[in-house]
2 protein chains.
Amino acid sequence: MFTIKEVSEKMDVSEHTLRFWAKSGFFPFIKRDQNNVRLFSENDLEWVKIVKCLRTVGTDNKSIKRYIDLCLIGDSTISERYGIIQATKQKAEQQMSELSHQLELLEYKENYYKKLLKNNSAVDEWNPMNKVKEEESIA
Amino acid sequence: MFTIKEVSEKMDVSEHTLRFWAKSGFFPFIKRDQNNVRLFSENDLEWVKIVKCLRTVGTDNKSIKRYIDLCLIGDSTISERYGIIQATKQKAEQQMSELSHQLELLEYKENYYKKLLKNNSAVDEWNPMNKVKEEESIA
DNA sequence: CAATTACTTGAGAGTTGCTCTCAATAGCTT
DNA sequence: AAGCTATTGAGAGCAACTCTCAAGTAATTG
């Protein structure tokens, strides 16, 4: 059994967020000790894991709650849960491809700045002939 | 020259967000027509592109403003901008690897549900012998 | 054994980055 | 002229945290 602090470190989710998620009903099986302190079991960690996964992919909390509730209902909801997981997978894949697209832009910029740095250190800054005119700055 | 609606469609960013970004000072060169309507130039689209890129990777708006301001200052800030782009690239790479990690979990779940669906349709649900005991539901 | 330190709790305020609503204005169409 | 379509800025609303705080408990230390 783990305290919220231990879970926070183990799963790399802030204690605040874990409490917020708990209040949102994302961890239905959490026990408390005699002092009302939350104690997470290994099984509870699995719930943290799936919630973190869904949030990482950008699922909103309402949809996460829906998924949790489906799990609690039981076997009759398996095909709906299967659909949710599939849709989430697709979303994750789209995000990967979007990210790799943005990485291309970042690499282009990186090279652009690298070149500028090389040139700048080579030229004589004090020579007015090296002044470059620009209509508008570039991002 | 493009209206905000055209830019919204071209760049896949909502008009609301574009206005919000404009108000935040992310597009320093935007012109207006005689009716105060914003007109984006091709160069302005480049600013939209880089802002969208930085936001996609999760850069906060304050840091984006800092980057924009550095661009406006000019050549003396190239090495700082280079650093920002490098750090952003790293962040994007981390996010890719986090996403692909989460994709693994999603694939595992997908297979798990796929198997359950196959079994469920094969067994006789009305046979009490097929009742499976579970201590706690699983996410 | 009182005091300090280290956690934990829930309530609730504050923050970020949108997102949406609205009234005012302008141009185009019939 | 009336209707339709855009655009604008101001400002309300929202999601998902994030942070602050007072209160409670437990272990440690002087």
Side-chain angles (χ1 to χ4, degrees), chain A residues 1-41 44-45 47-68 88 91 95 98 102, chain B residues 1-41 44-45 47-68 88 91 95 98 102:
Chain A
M1 297 299 235
F2 310 99
T3 65
I4 210 160
K5 192 181 195 192
E6 290 162 343
V7 177
S8 169
E9 282 156 7
K10 246 178 146 69
M11 310 295 285
D12 198 32
V13 176
S14 84
E15 298 177 38
H16 288 304
T17 299
L18 286 171
R19 286 198 198 96
F20 176 74
W21 286 354
K23 202 167 55 182
S24 306
F26 293 173
F27 312 134
F29 296 113
I30 278 188
K31 298 280 184 297
R32 308 271 191 144
D33 71 7
Q34 69 276 23
N35 293 314
N36 200 35
V37 170
R38 269 177 278 255
L39 293 177
F40 291 71
S41 70
D44 291 326
L45 293 187
W47 292 82
V48 177
K49 214 201 251 177
I50 186 71
V51 169
K52 190 187 175 182
C53 174
L54 293 171
R55 284 300 298 125
T56 298
V57 177
T59 308
D60 66 38
N61 288 354
K62 201 172 169 184
S63 310
I64 291 177
K65 185 58 165 56
R66 169 83 182 143
Y67 178 79
I68 304 278
T88 307
K91 246 174 84 175
Q95 279 176 40
E98 174 68 14
Q102 300 296 1
Chain B
M1 297 299 238
F2 311 99
T3 65
I4 209 160
K5 192 181 196 192
E6 289 162 343
V7 177
S8 170
E9 282 157 7
K10 246 179 145 72
M11 310 295 287
D12 198 31
V13 177
S14 84
E15 299 177 38
H16 288 303
T17 299
L18 286 169
R19 285 197 199 95
F20 176 75
W21 286 354
K23 201 166 57 182
S24 307
F26 292 174
F27 312 134
F29 297 114
I30 279 188
K31 298 281 184 296
R32 307 273 191 139
D33 71 7
Q34 68 276 20
N35 293 315
N36 201 35
V37 170
R38 270 178 277 255
L39 293 177
F40 290 70
S41 69
D44 291 325
L45 293 187
W47 292 82
V48 177
K49 211 200 256 176
I50 186 71
V51 169
K52 190 186 175 183
C53 173
L54 293 171
R55 284 300 298 125
T56 298
V57 177
T59 308
D60 65 38
N61 287 353
K62 200 171 169 185
S63 309
I64 292 177
K65 186 56 164 60
R66 168 83 181 144
Y67 177 79
I68 304 278
T88 307
K91 246 175 84 175
Q95 279 176 40
E98 174 67 14
Q102 300 294 3

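Below, read A as the first sequence line, B as the second, and so on, with proteins coming before strands; counting in each chain starts at 1.
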Participant: Restricting to salt bridge (Lys or Arg N to Asp or Glu O under 4.0 Å), what partner residues turn up for K91(A), sequence neighbours left out?
Facilitator: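 So K91(A) forms no salt bridge (Lys or Arg N to Asp or Glu O under 4.0 Å) with any residue.
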Participant: Heavy atoms within less than 4.0 Å of DNA chain C: which residues of residues 18-27 of chain A have one? Give them sorted by number.
Facilitator: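 Those residues whose heavy atoms fall under 4.0 Å from DNA chain C, taken from residues 18-27 of chain A in numerical order, are R19(A).
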Participant: Which pairs would a plain distance check flag for residues 15-30 of chain A, meaning a side-chain donor or acceptor within less than 3.5 Å of a matching protein atom at least two apart in sequence or in another chain?
Facilitator:
| residue | atom | partner | partner atom | Å |
| --- | --- | --- | --- | --- |
| T17(A) | OG1 | S14(A) | OG | 2.9 |
| S24(A) | OG | F20(A) | O | 2.8 |

Participant: With rounding to the nearest 0.5 angstrom, report the CG to CE distance, D44(B) to M1(B).
Facilitator: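 Answer for the CG-CE pair, D44(B) versus M1(B), is 7.0 Å.
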Participant: Hey, can you pull the residues of residues 47-64 of chain A with a non-hydrogen atom under 4.0 angstrom from DNA chain C?
Facilitator: none
Participant: Under 3.5 Å, sequence neighbours excluded: what are the donor-acceptor pairs made by side chains of residues 2-10 of chain A?
Facilitator:
| residue | atom | partner | partner atom | Å |
| --- | --- | --- | --- | --- |
| T3(A) | OG1 | E6(A) | N | 3.4 |
| E6(A) | OE1 | T3(A) | N | 2.8 |
| S8(A) | OG | V13(A) | O | 2.7 |

Participant: Check whether any side-chain N or O of R38(A) sits under 4.0 Å from OP1 or OP2 of dT9(C), and answer yes or no.
Facilitator: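 Answer yes for this pair, as a side-chain N or O of R38(A) is under 4.0 Å from OP1 or OP2.
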Participant: If each of Q34(A) and H16(A) is mapped to the nucleotide of DNA chain D with the nearest heavy atom, which maps nearer the 5' terminus, i.e. the 5' end?
Facilitator: H16(A)
Participant: Please give, in whole Å, the distance from dA26(C) C1' to R32(B) CZ?
Facilitator: 15 Å
Participant: Give T3(A) one of three labels, base, sugar-phosphate or nothing, depending on what nucleic acid heavy atoms sit under 4.0 Å from its own.
Facilitator: sugar-phosphate
Participant: Using atom types as modelled, flag every donor-acceptor pair under 3.5 Å from a side chain in residues 57-67 of chain A to any protein atom, sequence neighbours excluded.
Facilitator:
| residue | atom | partner | partner atom | Å |
| --- | --- | --- | --- | --- |
| T59(A) | OG1 | L54(A) | O | 3.0 |
| D60(A) | OD1 | K62(A) | N | 3.3 |
| D60(A) | OD1 | S63(A) | N | 2.9 |
| D60(A) | OD1 | S63(A) | OG | 2.8 |
| K65(A) | NZ | D69(A) | OD1 | 3.0 |
| K65(A) | NZ | D69(A) | OD2 | 3.1 |
| R66(A) | NE | E80(A) | OE2 | 3.3 |
| R66(A) | NH2 | E80(A) | OE1 | 3.1 |
| R66(A) | NH2 | E80(A) | OE2 | 2.8 |
| Y67(A) | OH | Y113(B) | OH | 2.7 |

Participant: Please check the phosphate of dT25(C) (OP1 and OP2 only) for any side-chain N or O of N35(B) closer than 4.0 Å.
Facilitator: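 No, N35(B) has no side-chain N/O under 4.0 Å of OP1/OP2 on dT25(C).
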Participant: By side chain to side chain donor-acceptor pair (under 3.5 Å), which residues pair with Q102(A), not counting sequence neighbours?
Facilitator: E98(A)
Participant: Could I get the full list of side-chain contact (heavy atoms from CB on, under 4.5 Å) partners for N35(B), not counting sequence neighbours?
Facilitator: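 Per chain and number, N35(B) pairs via side-chain contact (heavy atoms from CB on, under 4.5 Å) with D33(B), V37(B).
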Participant: Taking the side chain as every heavy atom from C-beta outward, state whether K52(B) and T56(B) have any pair of such atoms under 4.5 Å apart.
Facilitator: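 Yes. Closest side-chain heavy atoms under 4.5 Å.
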Participant: What are the 5'-most and 3'-most nucleotides of DNA chain D lying under 4.0 Å from any heavy atom of chain A?
Facilitator: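 Terminal contacting nucleotides, 5' to 3': dA16(D) to dA26(D).
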